[in-house]
Amino acid sequence: MLFLLFCVAFFTFANTIPYDFIYNWDDNINITENNYIKNFTWEGIQAIFSSESKIEEPRLTLFTFAVQYFFWELNPMPYHIFNILLHVINCILVFFLVKKITPDLRIVFFTTLLFAVHPLRSESVAWVTGRKDLLYSMFFLSSLLFYQKYLIKKSLLFILLVFIFAKLSFLSKIQALSLPVILLLFDYIHSRKFSILLVFEKILLLLILLNFMQLRYYLSFIALYIFIHWVEKNRDRFENLLQNKKLKYSLISGIILCTVFLSLNHTILPILFFLFAISAFFNLSFFKDKISVFYIKYRKRIIILSLLIGFSVFMLFIFSHFTFLQNEFSTFSPLDRIFMASYSLSFYIIKFFAPFNLCAIYPYPEKTGGLLPEIYYYSIIGISIAGSIFTLLILKFKNYRKIIIFGLLFFLINIFMVLHIIPIKGRVITAERYSYLAYLGLFLLITYLAFSTLGKKYLKLTVTTFIILSLFLITTSFQRNKVWENGFVLYTDIISKKPDFSMAYNNRGYLYYLNGNNSQALSDYSHAINTDSANVDSYYNRALAYVQTGKMEEAFSDCNEALKFDNKNINSLYLRGYLNNKFEKYQEAINDFNKVLAKNPKHHFALYNRGESYRKSSNDKAAINDFTEVIKLQPGFADAYNSRGIAYSSLNMYEKAISDYNEAIKINNTASYFFFNRATAYIQLNQTKKACEDYHSSQRLGHPEASQKINEFCR
């Protein structure tokens with residue numbers, strides 16, 4: 001059975017193996033242009049995981065790219081094969097996970113099969129950067145499997161493995177933050193009794209995932225967890241020990257001292273520590289006779305309410321202190337976000353049952369007159385209908401209530417973080433990859449209901465239906481995979497479905513530009529600008545294409561248009577400075593380069609071109625300073641040595657000029673003008689023999705003036 005699932009999952013996505021990278025759809029940021037993954041040394045690996053590195057993508061995902069780059073560099077085939085294998089591993093993990101929930105192998109098999117072949121898997125598997133969904137899901141599912149073992153054996157080893165795999169999942173993708181809540185769902189499905197330990201281990205896991213505490217806090221919370229765990233397993237023995245008043249008050253004093261020690265930084269964490277420690281004591285039967293009748297009667301409600309309030313305060317603290325939850329779309333009002341969430345949720349439910357007309361991107365809505373598109377408001381009706389259907393299912397099938405609730409909540413909890421109630425980074429309102437793990441809950445729910453109800457009377461019909469459905473999904477997925485063959489195919493598909501989407505034209509235009517097809521690039525950039533007149537990137541990209549075709553005035557105009565919408569755009573400022581330099585408007589060029597360098601002092605191209613503007617406007621000393629800074633930043637920049645050599649020559653400092661020309665020639669001995677310039681400096685020093693050798697070298701390399709100089713000095 002497992003082997004069959006393995007083969008089906010692999011075959012469904014096997015056509016992606018020869019596909020290329022999507023060079024300007026994050027594959028460039030994460031792989032082809034990512035210097036972090038190209039340094040597979042101990043220092044390079046440390047850089048990937050260092051908090052000082054400017055890395056936004058999940059670091060463990062980048063580490064896997066680094067390993068593959070070490071062996072295969074930029075051959076895309078191994079990257080695609082690895083994605084498929086990760087998906088197959090996830091299918092196997094799903095099989096064992098569902099098997100622990102229900103012993104019915106038919107439910108287990110078809111739940112796993114649907115998970116393996118649904119078309120909304122395609123983006124995560126076929127797109128190399130989609131690996132983060134595969135990797136985080138693999139560790140997420142592994143953590144859940146170890147948690148199920150922990151629920152049976154109550155061993156600290158298994159909860160340690162839960163925490164380790166949870167952390168690996170979080171390092172692969174931030175959506176793993178849902179794991180502590182999902183663990184509560186497994187407590188429910190396995191009928192685990194409520195306890196302080198049950199809640200505290202979820203809080204501790206959340207703290208470990210977020211990793212914002214000092215080490216002393218972690219050690220204190222872990223020690224408290226081990227203490228509560230031991231108390232839960234040895235309740236009677238511990239209560240007998242507490243008959244000794246000295247021991248009892250010593251423990252309480254120890255908790256107070258620990259809380260005071262942790263309070264040195266005045267955070268909310270010591271309060272959390274104290275509440276859990278005291279709650280653990282109050283939860284013992286030893287204290288039940290020592291406290292009021294009111295507390296005894298309402299003990300569970302008080303504890304649950306206190307924990308919910310504490311958890312809510314803690315989450316508000318988290319959300320207010322972490323910038324990863326904020327982006328340029330956080331300007332949508334809270335009411336807008338509710339409708340956006342209902343639209344997103346409706347999308348995922350509809351695509352689960354009808355995976356048609358899929359698109360690689362579903363952009364954020366544009367507001368008109370302060371209002372979202374009408375469909376966002378109508379989506380509330382769809383969610384209400386879906387909620388009513390699930391409520392009826394829960395009421396009608398009482399014997400299967402647990403699985404229905406489990407499957408529904410597994411889906412909702414995992415999809416919650418990408419519903420935009422909380423602002424998140426990204427450019428999309430929905431994305432097919434977001435459903436990768438979340439859909440497992442719906443697959444289980446549908447399969448379980450089908451075999452538990454219809455399967456009793458119509459087993460053959462039910463099995464046949466699921467087989468036909470699976471074959472349909474395999475075919476649909478196989479076809480959907482083709483969209484990810486390369487960037488041209490992907491953007492053409494997006495444009496066919498969203499003809500007014502500016503970014504798709506812009507990205508396809510850039511691919512044409514990289515391939516030297518400037519006419520097609522200009523056409524796509526113009527389409528992008530026509531659909532979004534404020535598209536700064538398209539103006540800049542079209543300006544680049546105009547430069548390539550020699551249309552400098554048009555390029556200059558596009559830079560100005562881009563700067564109307566974003567007057568601090570570095571790319572447009574730099575290109576306009578470059579063009580001003582070409583137009584011999586040196587002061588205007590210097591002004592543009594100054595603005596670029598104010599934002600990015602290490603922009604070596606801006607430094608170099610500002611140096612050129614200074615040199616051409618006879619400010620050689622300023623030019624030398626800029627070229628010197630460029631050489632510090634980029635020691636292999638041969639033209640910077642050459643230009644500094646020219647500036648030194650203008651100041652009659654020929655020895656220094658020759659030294660710079662020597663360095664330029666060491667770096668690049670095929671540039672005719674390096675030899676020509678050095679020859680000119682030798683002439684000034686009356687070293688005619690050396691000059692003639694350089695003029696001959698320059699002539700062989702094709703310099704147009706070398707022959708004339710040979711006739712003049714080398715007869």
Side-chain angles (χ1 to χ4, degrees), residues 33 35 513-514 516 518 544 547-550 552 555 574-575 577-584 586 589-590 593 602-714:
E33 299 172 11
N35 290 326
Y513 170 79
L514 290 178
N518 288 304
L544 285 177
V547 169
Q548 289 296 313
T549 55
M552 301 301 183
Y574 169 74
L575 185 56
Y578 171 84
L579 291 167
N580 273 320
N581 203 337
K582 289 287 185 184
F583 298 149
E584 299 182 0
Y586 300 123
I590 290 167
F593 294 135
K602 295 184 179 181
H603 195 301
H604 63 277
F605 285 117
L607 275 168
Y608 174 76
N609 281 289
R610 187 176 70 175
E612 283 289 280
S613 295
Y614 280 134
R615 185 179 66 78
K616 291 173 182 177
S617 56
S618 301
N619 190 347
D620 292 303
K621 289 183 179 179
I624 288 169
N625 289 335
D626 275 355
F627 296 140
T628 301
E629 286 300 312
V630 173
I631 290 166
K632 287 179 183 177
L633 293 170
Q634 297 288 329
F637 197 155
D639 278 307
Y641 284 104
N642 177 70
S643 293
R644 190 171 68 174
I646 296 172
Y648 278 135
S649 292
S650 296
L651 296 173
N652 300 323
M653 301 168 71
Y654 299 113
E655 294 288 353
K656 286 190 173 183
I658 288 170
S659 176
D660 274 349
Y661 296 140
N662 290 340
E663 290 298 322
I665 290 167
K666 281 182 186 178
I667 297 167
N668 179 9
N669 61 4
T670 63
S672 64
Y673 53 95
F674 293 171
F675 289 97
F676 186 88
N677 291 339
R678 188 171 69 176
T680 304
Y682 279 135
I683 289 293
Q684 296 299 321
L685 294 174
N686 295 317
Q687 298 182 27
T688 308
K689 183 178 179 181
K690 290 183 178 179
C692 288
E693 289 175 0
D694 277 353
Y695 280 137
H696 281 291
S697 296
S698 179
Q699 183 188 46
R700 284 194 299 272
L701 292 169
H703 196 286
E705 298 177 25
S707 297
Q708 179 185 341
K709 294 295 182 181
I710 290 170
N711 290 332
E712 184 177 349
F713 296 106
C714 305

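None of the values given here were measured: they were computed from a predicted structure.
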Throw together a table of side-chain donor-acceptor distances under 3.5 angstrom for residues 703-713, partners on residues two or more places apart or in other chains.
residue : atom : partner : partner atom : Å
H703    : ND1  : E705    : N            : 3.1
S707    : OG   : Q699    : NE2          : 2.9
N711    : ND2  : S707    : O            : 3.4

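- Counting heavy atoms from C-beta on, the side chains of Y661 and I646 come closer than 4.5 Å.
- Among pairs with a residue in residues 619-660, none fulfils disulfide bond (SG atoms under 2.5 Å apart), at least two apart in sequence or across chains.
- Applying the disulfide bond (SG atoms under 2.5 Å apart) test to pairs two or more places apart or on separate chains, none has a residue in residues 619-653.
- The CZ atom of R678 sits 10.5 Å away from atom OG of S659, with the distance rounded to the nearest 0.5 Å.
- Screening residues 605-616 for salt bridge (charged side-chain N to carboxylate O under 4.0 Å, His left out), with sequence neighbours left out, gives R610-D626, E612-R615.
- Residues T670 and N668 bring a donor and an acceptor atom of their side chains to less than 3.5 Å of each other.
- Interatomic distance, N625 CG to Y614 OH, rounded to the nearest 0.5 Å: 9.0 Å.
- For the pair I631 and A640, the tightest heavy-atom approach, listed with the atom from each and the gap, is CG1-CB, 3.9 Å.
- Among pairs with a residue in residues 640-663, those fulfilling salt bridge (charged side-chain N to carboxylate O under 4.0 Å, His left out) read R644-D660, E663-K666, at least two apart in sequence or across chains.
- In this structure, A681 and I658 approach most closely via the heavy-atom pair CB-CG1, 3.6 Å.
- Separation of atoms CZ (F637) and CG (N642) is listed at 10.5 Å; rounding is to 0.5 Å.
- Using a 4.5 Å heavy-atom threshold, the side chains of L651 and K621 count as touching.
- Counting all heavy atoms, side chain and backbone alike, S672 lies closest to S698 at O-OG, 3.1 Å.
- Within the 4.5 Å cutoff, the side chain of L579 has heavy atoms near those of the V547 side chain.
- Between N580 atom CG and K582 atom NZ the span is 12.5 Å, to the nearest 0.5 Å.
- Nearest heavy atom pair, residue D620 against residue S650, reads OD2-CB, 3.4 Å.
- Listed here is the closest heavy atom pair of G636 and I667: O-CG2, 3.4 Å.
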For a quick test of your reading: what N or O donor-acceptor pairs under 3.5 Å do the side chains of residues 682-691 make, sequence neighbours left out?
none

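- Applying the side-chain hydrogen bond (donor to acceptor under 3.5 Å, both in side chains) test to N669 and every residue at least two apart in sequence or in another chain returns nothing.
- The list of disulfide bond (SG atoms under 2.5 Å apart) pairs with a residue in residues 665-710, not counting sequence neighbours, reads C692-C714.
- Expressed to the nearest 0.5 Å, how far OG of S613 lies from OH of Y586 amounts to 7.5 Å.
- Shown here are the ring pair (Phe, Tyr, Trp, His ring centres under 6.0 Å) partners of Y695, two or more places apart in sequence or in another chain: F676.
- For F674, there are no ring pair (Phe, Tyr, Trp, His ring centres under 6.0 Å) partners at least two apart in sequence or on another chain.
- Between the CG atom in D639 and the CG atom in N609 there is a gap of 10.0 Å [rounded to 0.5 Å].
- Residues forming a ring pair (Phe, Tyr, Trp, His ring centres under 6.0 Å) with Y654 (at least two apart in sequence, or on another chain): none.
- Y574 pairs by the ring pair (Phe, Tyr, Trp, His ring centres under 6.0 Å) definition with F593, H603, not counting sequence neighbours.
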